[in-house]
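Below is one structure; the comments refer to it alone.
Given the structure is predicted, the values throughout are model-derived calculations rather than measurements. Here, residue 1 is the first one in the sequence, and each next residue gets the next number.
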Amino acid sequence: MDGPQQAVPTSASPAGPERFRKVTGTATAAATLILLVLVGEVLGSTSDWRNYTVVHDYKAGAATIADLEAADSYGQLVSIPTLVVWISAGVVFLVWLWRARVNAELLGGAAAQRRSRGWVVGGWFTPVANLWVPYQVMSDIWRASAARRPVPNGLVMAWWAPLVVSTIIGRAVAKIYLSEEITEESLLSAAKLSTLSTVLDAVAGVLVVLLIRRITAWQTQRLVQHAG
């Protein structure tokens, strides 16, 4: 649970002042779950390579039906927990992002945010717009939260670029597995693409954890200064 709230005067809410909320607890949970997702993705890539290797060996007479079934069972064992953790990480991250956005408005004013609050969540699920809207949301929160301004935006871009590329690659991998005919060659392509996607996700994952920690630290520091 995040800590107590601090009232901050603002004209954003007609019912009264909104509250500056500590986001340290949510930040820790989001960062932890994101790192767990990365572990799951590494295991998923090993599963893709295992699928290819077993099929290759089976065609060469060096593997059995039991080996094929074992590879399939391993894939399910890895994918189901990873999906659960991925959904959990997404939900907790969006909770953190929403609260950090509200804080950013209180710190820098609503005019400093290029998108309305609805885009904080909706931007991730709107086709085409999800290629840049979440970046804008994070970028604006980053700038408004910074202890000193202006602040370089390179870290936000460094996070977003590999994430977008990885998402596109992930869709290509899913298309391979959903095709009516899966061949040894397509499994090899899936394994290679999955590995590249995992590397990009690892980069994006580490960078977004840094973003979460930095923004949270800035906002916490400014809350303490305001309270003092």
> For the atom pair CG (L106) and CZ (R101), what is the distance rounded to the nearest 0.5 Å?
Replying inline: 10.5 Å

> Roughly how far apart are Y52 OH and S47 OG, rounded to 0.5 Å?
Replying inline: 15.5 Å

> Between the side chains of S166 and S197, is a donor N or O closer than 3.5 angstrom to an acceptor N or O?
Replying inline: yes

> Is a donor on one side and an acceptor on the other found under 3.5 Å between the side chain of T126 and the backbone of A129?
Replying inline: no

>> Applying the side chain to side chain contact (heavy atoms under 4.5 Å, CB included) criterion to W98, which one of L94, V102, V95 satisfies it?
In response: V102

> Which heavy atom of V173 sits nearest a heavy atom of A190, and at what distance?
Replying inline: CG2-O, 4.0 Å

>> For W160 and Y135, take the angle between the two ring planes, folded into 0 to 90°, and tell me which bin it lands in: parallel under 30, tilted 30 to 60, perpendicular over 60.
In response: tilted

>> Distance alone, cut at 3.5 Å: any donor-acceptor contact between the side chains of Q76 and D72?
In response: yes

> How far apart are the closest heavy atoms of M157 and P162, and which atoms are they?
Replying inline: O-CD, 4.4 Å

> To the nearest 0.5 Å, what is the distance between CD1 (I182) and CD1 (I176)?
Replying inline: 9.0 Å

> Do the side-chain N and O atoms of S45 and T198 include a donor-acceptor pair separated by under 3.5 angstrom?
Replying inline: yes

> In terms of hydrophobic clustering (I, L, V, M, F, W, Y; side-chain heavy atoms under 4.5 Å; direct or indirect links), are V151 and M138 co-clustered?
Replying inline: yes

> Do other residues, nucleotides or ligands put more than 12 heavy atoms under 6.0 Å from W49 CH2?
Replying inline: yes

>> Using side chain to side chain donor-acceptor pair (under 3.5 Å), reason through R143 and S139 one step at a time and then give a plain yes or no.
In response: CA-CA 6 Å; R143 286 198 298 262; S139 179; 3.0 Å; yes

> What's the verdict on side-chain contact (heavy atoms from CB on, under 4.5 Å) for D201 and L163, showing C-alpha distance, side-chain angles and the deciding distance?
Replying inline: CA-CA 6 Å; D201 279 342; L163 184 61; 4.2 Å; yes

> Which one of D48, N51, T46 satisfies the side chain to side chain donor-acceptor pair (under 3.5 Å) criterion with S194?
Replying inline: D48

> Atom NE2 in H56, atom CG in L188: separation rounded to 0.5 Å?
Replying inline: 10.0 Å

>> Around atom OH of Y58, are there more than 12 heavy atoms from other residues, nucleotides or ligands closer than 6.0 Å?
In response: no

> How many angstroms lie between CG in D140 and CZ in R114, if you round to the nearest 0.5 Å?
Replying inline: 4.0 Å

> If you round to the nearest 0.5 Å, how far is CZ of R21 from OG1 of T26?
Replying inline: 7.5 Å

> Aromatic ring centroids of W142 and W218 under 6.0 Å?
Replying inline: yes

>> Using modelled atom types and a 3.5 Å cut-off, is there a donor and acceptor pairing between side-chain atoms of Q219 and backbone atoms of A100?
In response: yes

> Hey, quick one: are L210 and L38 part of the same hydrophobic cluster, counting side-chain heavy atoms closer than 4.5 Å, chains of contacts allowed?
Replying inline: yes

